[in-house]
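Following: one structure in structure tokens, then a few remarks.
In what follows, every chain begins at residue 1, and chains take the letters A, B, ... in the order their sequences are listed.
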There are 4 protein chains.
Amino acid sequence: MQFDNSRPIYLQIIESIKKQLARGELQPGQKLPSQREMAAELQVNPNTVQRAYREMETMGLLETLRGQGTFISNRPGLLPEIKAELAGGILNRFIVEMRSLGLNAREILSLVHQALEQEEEGKR
Amino acid sequence: MQFDNSRPIYLQIIESIKKQLARGELQPGQKLPSQREMAAELQVNPNTVQRAYREMETMGLLETLRGQGTFISNRPGLLPEIKAELAGGILNRFIVEMRSLGLNAREILSLVHQALEQEEEGKR
Amino acid sequence: MQFDNSRPIYLQIIESIKKQLARGELQPGQKLPSQREMAAELQVNPNTVQRAYREMETMGLLETLRGQGTFISNRPGLLPEIKAELAGGILNRFIVEMRSLGLNAREILSLVHQALEQEEEGKR
Amino acid sequence: MQFDNSRPIYLQIIESIKKQLARGELQPGQKLPSQREMAAELQVNPNTVQRAYREMETMGLLETLRGQGTFISNRPGLLPEIKAELAGGILNRFIVEMRSLGLNAREILSLVHQALEQEEEGKR
DNA sequence: GTGGTCTAGACCACC
DNA sequence: GTGGTCTAGACCACC
């Protein structure tokens, strides 16, 4: 994985795990690599991974079982929450970009509508 | 300006100029910095700027007058074309990202609708 | 191949390839020498060959497959287009030259007619 | 004037003078520069100019008057002859080029016809 | 091995 | 001073 210099690495690790969850690449209840393993994989300081894991535990995204490891939380509603959060971010960035082209709400909605319809036609 | 290692610099220059045009930061008919100036500004080789300028001329985006400089084309319809192109790209990336979260067309449209409405309320 | 100092080398390479195509010395679909080979043959810098190849790709004359090589396009209608273009150029230069001798349209046409008839007789 | 390495310079001088005559840049009866002057202008050995002048005199194109200089011949019919000769050369090269594109007599004639007609329309 | 990108720098044509 | 062409050579991505 490549990190972006503009944001703290631990935040990028968190975001990456959220995306993997949303895409189904990670499942609730699944065991994560140990902090040491993850740090080695990402070529990052173990302290950085620890910070990411700690924050995700605080958010209720992970659960740590002493001596067993760290797991994606099984808490009901987790996945929808994550998806909603990610979707919100994507949505905001999208609207900002479209606005910067001088498009108003009606035009943006209309373009999204068209694009989705064309996609449907493409499938047929 | 910062360049992304993953894409050719000359393409990033082109995209940057398109965006500036769409945002009104550049106007049709306006003179661009000379190839040497632009190269100095961007800390890039003049040949790389020239490649970008040449491709934009081929696309009908710029016009170059030997010995005088390079200008944004005055061709009618230029701005709408550029905006449509950029909007199309933003739209496609947006839909791909939303789809990767498992959202269907109806849900995407509904979320965009909500987000735009909230924005409206925020203004009041 | 010898190059003319008065015109850019890359344009002369392009014209040479068009002529070879028109004469049937190159066939649609055929693989061209690699940029390096062609550069060595013509005793020219590889960048110059690449420029020629790239412009021809833009014109739809060539197709390049990364890592595999560069090929004459198989696009239907390619050959007639090229021939028409070359013929147009020859024709224009011919008429300009004849006009510079003070000949009018009727005289030019008549001379061409005679010359072609004589040629026919020569064959018999 | 630039000379072509592939043909003797004195022949190129002769051809140049014929062209100037055909275009009206030189007139029958007009005095030519002295051999010395011409040699200086063209940056060529005086012997080369002498050879050109001698051959043109043999052809009846020039007349040399001892002590007065060299003149374009006033012989009636000179201009038409020169023009016919030059036209013949242009015509032959033209037909060879068109043939090399695979065009037959009928097609060549038709293209010339079209080109001349379009030229006429352009004037209106 | 093939094409693609980029740098550094020279020299030219046109203004 | 401006863009246009060309060389020499490096390094990369894809095959």
Could you pull out all residues at least two apart from B:Glu97 that satisfy salt bridge (Lys or Arg N to Asp or Glu O under 4.0 Å)? none
Just to verify, what does C:Lys83 make a salt bridge (Lys or Arg N to Asp or Glu O under 4.0 Å) with, not counting sequence neighbours? none
With sequence neighbours left out, the residues meeting side chain to side chain donor-acceptor pair (under 3.5 Å) with B:Glu57 are B:Thr64
Applying side chain to side chain donor-acceptor pair (under 3.5 Å) to C:Glu81 and not counting sequence neighbours gives C:Arg75
Closer to the 5' end of DNA chain E via nearest nucleotide, is it B:Pro8 or C:Leu32? C:Leu32
Mind checking what makes side chain to side chain contact (heavy atoms under 4.5 Å, CB included) contact with [X], not counting sequence neighbours?
X: C:Asn45; answer: C:Asn47, C:Thr48
X: B:Arg23; answer: A:Ser100, B:Lys19, B:Glu25
X: C:Glu63; answer: C:Ser73
X: B:Asp4; answer: B:Ser6, B:Arg7, B:Gln12

Does C:Thr70 place a side-chain N or O at less than 4.0 Å from the phosphate oxygens OP1/OP2 of E:dT2? no
Think B:Gln35 has a side-chain N or O under 4.0 angstrom from the OP1 or OP2 of F:dG4? yes
Can you tell me the distance, in whole Å, between the [atom1] atom of [X] and the [atom2] atom of [N]?
X: B:Arg7; N: E:dG4; atom1: CZ; atom2: P; result: 18 Å
X: C:Glu63; N: E:dG3; atom1: CD; atom2: P; result: 14 Å
X: B:Asp4; N: E:dC6; atom1: CG; atom2: P; result: 11 Å
X: B:Leu65; N: F:dG1; atom1: CG; atom2: P; result: 19 Å

For B:Phe94, the ring pair (Phe, Tyr, Trp, His ring centres under 6.0 Å) test, sequence neighbours excluded, returns A:Phe94
When you get a sec, tell me which of F:dT5, E:dG3, E:dC6 is the closest nucleotide to the side chain of C:Tyr10? F:dT5
Please list residues of residues 51-62 of chain C whose heavy atoms come under 4.0 Å from any atom in DNA chain F, ordered by number; otherwise none. C:Arg51
If the sugar-phosphate is the primed atoms plus P, OP1 and OP2 and the base is the rest, what is the B/S/- string for nucleotides 7-15 of chain F, using protein heavy atoms under 4.0 Å? BBB---BBS
Reported CE-to-CG distance for the pair C:Met98 and D:Leu86, which is rounded to 0.5 angstrom: 10.0 Å
Name the stems that DNA chain E belongs to, where each is three or more consecutive Watson-Crick or G-U pairs with both distances under 3.5 Å? E:1-14 with F:1-14
Have a look at C:Arg93 and tell me which of C:Ile95, C:Val96, C:Leu91, C:Ile90 forms a side-chain contact (heavy atoms from CB on, under 4.5 Å) with it. C:Ile90
